[in-house]
Asks: 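This is the structure I have questions about; it appears just below.
Fair warning: this is a prediction, and the values are worked out from it, not measured in the lab. The sequence lines fix the lettering, A, B, ..., with proteins before strands; numbering per chain opens at 1.
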2 protein chains.
Amino acid sequence: MSDLLERLRGRGWRMTSQRRVVAEVLDGDHVHLTADEVHARAAQRLPEISRATVYNTLGELVSLGEVIEVATDGRAKRYDPNAHHPHQHLVCSRCGTVRDVHPTGDPLADLPTAERFGFMVSQAEVTYRGLCPSCA
Amino acid sequence: MSDLLERLRGRGWRMTSQRRVVAEVLDGDHVHLTADEVHARAAQRLPEISRATVYNTLGELVSLGEVIEVATDGRAKRYDPNAHHPHQHLVCSRCGTVRDVHPTGDPLADLPTAERFGFMVSQAEVTYRGLCPSCA
DNA sequence: TTCTTGACTTAGACTCCGTCCATCGTAGGA
DNA sequence: TCCTACGATGGACGGAGTCTAAGTCAAGAA
Ligand SMILES: [Mn+2]
Ligand SMILES: [Mn+2]
Ligand SMILES: [Zn+2]
Ligand SMILES: [Zn+2]
């Protein structure tokens, strides 16, 4: 993640303290924070950072492919910096905990042409649901 | 779907005109309406039906397993009466159109025990994304 | 049939998540 | 050092969904 800042600079980003702090908050694996959680953690280091800036920065990171947006069912989207190792998610249906998982097999290959209805299918997203050890 | 009303009566539901109309609107396969679309169609037959009642009825149908809730990424949830034939969804990333699809293979079987982290995994939901013929 | 009652419906206020906008500030090149 | 276009700010705004208090009515009892 330390080289994320380098990659962004290389793409012509102005390096502001706000963007630096958001990138720092997203450091690490198995991080799946909501925008407001990112904002809260960023605000510990940079108290006056605004929600709008967090949303803007997250949106930019997503469209650069540096962060993945994970939509979880009615609640706020989560932002996942683990964008360079494709994976799927296992979600606890009770408490909402999210884990990265790596299933075998390619779900895209499991969708026959006859079942594509002329769509240009580009992505298959698998969400496993169940009860986590603490909730079971 | 005609026997849906029977099943509901059997479960002790009061049969109101509002519930009847919502059930009628959801009749058919490949129906994936938002709550507001359900409300609009229901209001053609029963002009004074309220949004709250539509939400209540849809929620009840979901928890009875008669309708499936399909969360599509930031937009409004869609309600799918095709609950008794398991299937997955193909979503247009541009216009949001939803199609039912039937992939081969079982994604649950593709998740090794070592990748389950002690969860009691009970469900795998696959969302295929791409551009529909009109959007491509 | 009429009565009774609690389940159901309603309108609108409210919450949550996210976007937009006008204005201000500043990173970084000249 | 100065300039300016890019970025930050906060507050208004919007869509989707929930909640509540008051009114209505389905359906069983008599
Ligand atoms: Mn992840
Ligand atoms: Mn469907
Ligand atoms: Zn849990
Ligand atoms: Zn489309």
Side-chain angles (χ1 to χ4, degrees), chain A residues 5-6 8-25 32-64 66-80 96 98, chain B residues 5-6 8-25 32-43 45-64 67-80 91 95-96 98:
Chain A
L5 293 177
E6 288 314 312
L8 297 178
R9 209 188 304 272
R11 300 216 193 214
W13 267 32
R14 279 198 193 168
M15 199 40 57
T16 67
S17 50
Q18 292 85 348
R19 285 170 167 178
R20 220 186 318 273
V21 166
V22 168
E24 283 170 18
V25 165
H32 302 91
L33 298 171
T34 65
D36 278 335
E37 285 164 352
V38 171
H39 179 243
R41 298 193 185 192
Q44 289 172 8
R45 293 159 170 258
L46 190 66
E48 287 318 306
I49 190 173
S50 70
R51 276 186 3 116
T53 293
V54 170
Y55 274 103
N56 288 340
T57 307
L58 290 173
E60 289 156 356
L61 290 170
V62 167
S63 57
L64 292 178
E66 297 287 350
V67 163
I68 288 171
E69 231 175 40
V70 182
T72 61
D73 196 67
R75 308 187 197 212
K77 286 178 194 164
R78 295 182 171 272
Y79 292 87
D80 182 348
V98 178
Chain B
L5 293 177
E6 288 314 311
L8 297 177
R9 208 188 303 273
R11 298 215 193 216
W13 267 31
R14 279 198 193 170
M15 199 40 56
T16 67
S17 51
Q18 291 85 349
R19 285 170 167 178
R20 219 184 323 270
V21 165
V22 169
E24 282 169 18
V25 165
H32 301 92
L33 299 171
T34 65
D36 279 336
E37 285 164 354
V38 171
H39 179 243
R41 300 194 182 193
R45 294 160 170 259
L46 189 68
E48 288 317 308
I49 189 173
S50 71
R51 275 185 6 114
T53 293
V54 170
Y55 274 105
N56 288 340
T57 306
L58 290 173
E60 290 155 357
L61 289 170
V62 167
S63 56
L64 292 178
V67 163
I68 289 171
E69 230 175 38
V70 183
T72 61
D73 197 67
R75 309 186 196 214
K77 287 177 193 164
R78 294 181 172 272
Y79 293 87
D80 182 349
V91 180
C95 67
V98 178

Asks: Which heavy atom of A23(B) sits nearest a heavy atom of L5(B), and at what distance?
Replies: CB-CD2, 3.9 Å
Asks: Side-chain N or O of Y55(B) less than 4.0 angstrom from OP1 or OP2 on dG17(D)?
Replies: yes
Asks: I need the CD-P distance between E69(A) and dC17(C), as an integer number of Å.
Replies: 15 Å
Asks: R14(B) has a side chain; which of dA26(D), dT10(C), dA8(D) sits nearest to it?
Replies: dA26(D)
Asks: The side chain of A52(B) lies closest to which of these nucleotides: dA16(D), dC17(C), dT10(C)?
Replies: dT10(C)
Asks: Is there a side-chain polar atom (N or O) of R19(B) under 4.0 Å from OP1 or OP2 of dC8(C)?
Replies: yes
Asks: Would you confirm whether T72(B), through its side chain, and R75(B), through its main-chain N or O, come within 3.5 Å as a donor-acceptor pair?
Replies: no
Asks: What's the shortest heavy-atom distance between A42(A) and V25(A), and which atoms?
Replies: N-CG2, 3.7 Å
Asks: Rounding to an integer number of Å, can you tell me how far K77(A) NZ sits from dT19(C) C1'?
Replies: 11 Å
Asks: Using atom CE of M15(A) as one end and atom P of dG29(C) as the other, report the distance to the nearest whole Å.
Replies: 12 Å
Asks: If you compare all heavy atoms of T34(B) against all heavy atoms of Y79(B), which two are closest, and at what distance to 0.1 Å?
Replies: C-CD1, 4.4 Å
Asks: Nearest to the side chain of T53(A), which nucleotide is it out of dT9(D), dT10(C), dG18(C)?
Replies: dT9(D)
Asks: I'd like to know if the side chain of H39(A) reaches the main chain of Y55(A), judged simply by a donor and an acceptor atom lying under 3.5 Å from each other, with no hydrogens or angles considered.
Replies: no
Asks: Looking only at heavy atoms, what is the nearest atom pair of E37(A) and H32(A), with distance?
Replies: OE1-O, 4.2 Å
Asks: Check whether any side-chain N or O of R51(B) sits under 4.0 Å from OP1 or OP2 of dA11(C), and answer yes or no.
Replies: no
Asks: How many Å lie between CD1 on I49(A) and P on dG25(C), as a whole number?
Replies: 17 Å
Asks: Base, sugar-phosphate, or nothing: which does T16(A) touch, judged by heavy atoms less than 4.0 Å apart?
Replies: sugar-phosphate
Asks: Can you tell me how far P of dC16(C) sits from CZ of R75(A), to the nearest Å?
Replies: 13 Å
Asks: Taking only the side-chain nitrogens and oxygens of Q18(B), find out if one of them lies under 4.0 Å from OP1 or OP2 of dT10(C).
Replies: yes
Asks: Return the residues of residues 37-48 of chain A meeting this criterion: a heavy atom under 4.0 Å from some atom of DNA chain D. Order them by number, or give none.
Replies: E48(A)
Asks: What is the separation between atom CG on L58(B) and atom P on dA16(D), rounded to the nearest whole Å?
Replies: 14 Å
Asks: Given dT26(C), dT9(D), dG18(C), which nucleotide is nearest the side-chain atoms of S50(A)?
Replies: dT9(D)
Asks: Rounded to whole Å, how long is the line connecting atom CH2 of W13(B) with atom C1' of dA7(C)?
Replies: 12 Å
Asks: Looking only at non-hydrogen atoms, find the nearest pair between R19(A) and R14(A) and report the distance.
Replies: NH1-O, 3.0 Å
Asks: Quick one: on DNA chain C, does S17(B) or N56(A) contact a more 5' nucleotide (nearest heavy atom)?
Replies: S17(B)
